[in-house]
Amino acid sequence: MPLDARHPAIELEDVSFSYRPRQPVLTGVDLAVEEGEFVAVAGPNGGGKTTLVRLALGLARPQSGTARLYGEPARSFSRRDALGYVPQRAQLGTQGPVTVREVVSAGRLARGSLLGPLRRGDRAIVDEAIADVGLTALADAPLGNLSGGQQQRAFIAKAFAGEPSLLVLDEPTAGVDAESQDALARLLDRLRRDRRVTTLYVSHEFGAVEDIVERLVLVRGGIVFDGPPRTLPAEWHDPSHAHARD
Amino acid sequence: MLETEFMRLAFATGAVVGLLAPAVGFFLVQRNMSLIGDGIGHTAFAGVAVGYLLGVAPVVTALLAAVAGAVGVEWLRSRRRAAGDQALALLFYTGLAAGVVLASSAGAFNVDLFSFLFGSILTVTRGDLVLVTVLGVGGLVTIGLLYRALAGVVVDEEGARVAGVPVAALNVLVAGLAGLTIGLSMQIVGILLIAALMVLPVIAAGRVAWSMRSSVLLAMGIGVASVFAGLTVAYYADLPPGGAIVLAAAAAFGVTSLLEAARAHR
Ligand SMILES: Nc1ncnc2c1ncn2[C@@H]1O[C@H](COP(=O)(O)OP(=O)(O)O)[C@@H](O)[C@H]1O
Ligand SMILES: [Mg+2]
């Protein structure tokens, strides 16, 4: 069953959130991400980017306002199989050995049955996702033997393997060299064109995606800018300014 | 040794327990809940005492108490995420205290109780073997069928939650299986040591395994080998099997650590 295309993929309406009373992390957030859009979310550390995506995905409940996914309340969204999420600093829930292929296969869980081994078609999709991030040669290597950037790519492949309609990546390239950041940005761009994947890409530096996205959202206690990157006021471009806390 | 009926029964039940305990324990260790088995063991102890008090087979009451305790602690943990530690402490001490009070009022501080605490090779009956085989194989089949889902939650719980994998239900299932394992393993390994059989083979396997699947399978192999070695030693040296089994598992950890070190040196 296709997703309801009459509604935005992500919709936040006047959303406010705080972890502790009287210390709002986000106030009055309005954001609509239409299907097929590629939106970069940037802003200083502690600005509330991770909190914003957790609210959008229904992992946290807003204190006021509403969060919707494809028109449904985010907390009770019925088509979670259509969502892909790479949490910030995607870390293994295990210290034990696990291979790249095992990590990526976990991304296939949302599709099809939870029971029994992966079907052949699913295995092909897992292989394809591993190839997409350039880890084919390391598919059966334990993740612990890989560099930080390669581990991040394994988690990105895991999200691809679920063939999401909406893909949310929270700082997927933290600690990764600029070249790999560009490669990932190009890959995400291709995916969006080929498969119409709606993408929300969180990064506290947006240099890598600046040329690709048509829309940039700056988060700092709320949304302080939302528009095409080229219309970003010059003062926001200055990192020292964007990172300052008033 | 195997010409005696009681040893054949002990080995047969031991085989099931040796496979099941590390298979379930794997998912506890991965969630940093290695010690949950101890807490559940103590509720099982209360269950044994209730069995004596009511004149019901203690295996059955212990099984029920262990599963209830395990599901209870998972429920507490999921309600107040940070409080997993406290939930365990609550379960641990309430179970132990209730067990002591109930057992002494049932007048059961005797040899039988000792065998529930540390295991016994003499107490396994044909009825027990049937119970352990049916429920134990049921547990193994459940893990086999849901392995991919359980492993997926281990890899990335948050990502699984977002994608709609029923994480909470799977966590309750693991807790229930832990309770089941403890109830079933009680007679062979004993309440005080069963948690070790769930954890030690997993840690030992982790030293030399190359993937998650190989960790689980290797841990199960080490589990069975430890049970067989422990039962054999217990038979010839007239020891409580629980201690011998757990020492065998600890020895396996020593061996795999050496293998790991040797490989690192090459
Ligand atoms: N679980 C939490 N409990 C309390 N405060 C939190 C929690 N998570 C984040 N915060 C606070 O909320 C603010 C926003 O954090 P976050 O959304 O992670 O920002 P960003 O992703 O932009 O770095 C920060 O001040 C952070 O310290
Ligand atoms: Mg963040």
- So, do B/Pro166 and A/Leu114 sit near enough that their side-chain heavy atoms are less than 4.5 Å apart? yes

- Item | Region of B/Val165 that comes under 4.5 Å of a non-hydrogen atom in chain A | side chain

- Task: Kindly determine whether A/Lys158 and B/Asp156 satisfy side-chain contact (heavy atoms from CB on, under 4.5 Å), including the steps that lead there.
- Result: CA-CA 10 Å; A/Lys158 172 180 179 287; B/Asp156 174 12; 3.2 Å; yes

- What pair of heavy atoms forms the shortest contact from A/Glu102 to B/Met212, and how long is it? OE1-N, 2.7 Å

- Task: Might you confirm whether atom CZ of A/Arg61 has over 12 heavy atoms from other residues, nucleotides or ligands at distances under 6.0 Å?
- Result: no

- Item | Residue A/Arg54 versus chain B: region with a heavy atom under 4.5 Å | side chain

- Task: Could you check which of A/Thr99, A/Leu115, A/Asp140 has the highest count of heavy-atom pairs closer than 4.5 Å to chain B?
- Result: A/Leu115

- Item | Toward chain B, the part of A/Pro117 with a non-hydrogen atom under 4.5 Å | backbone

- What pair of heavy atoms forms the shortest contact from B/Ala149 to A/Leu109, and how long is it? CA-CD2, 3.6 Å

- Task: Kindly give the heavy-atom pair with the smallest separation between A/Gly116 and B/Arg148, and that separation in Å.
- Result: O-NE, 2.8 Å

- Query: Which heavy atom of A/Pro97 sits nearest a heavy atom of B/Ala209, and at what distance?
  - Reply: CG-O, 3.6 Å

- Message: Would the distance check show the side chain of B/Arg161 and the main-chain N or O of A/Leu59 forming a donor-acceptor pair, the cut-off being under 3.5 Å?
- Response: no

- Option in B/Ala205, B/Ser211, B/Gly159 with maximal non-hydrogen atom pairs under 4.5 Å from chain A: B/Ser211

- So, the part of B/Arg213 with a heavy atom under 4.5 Å from chain A: the answer is both

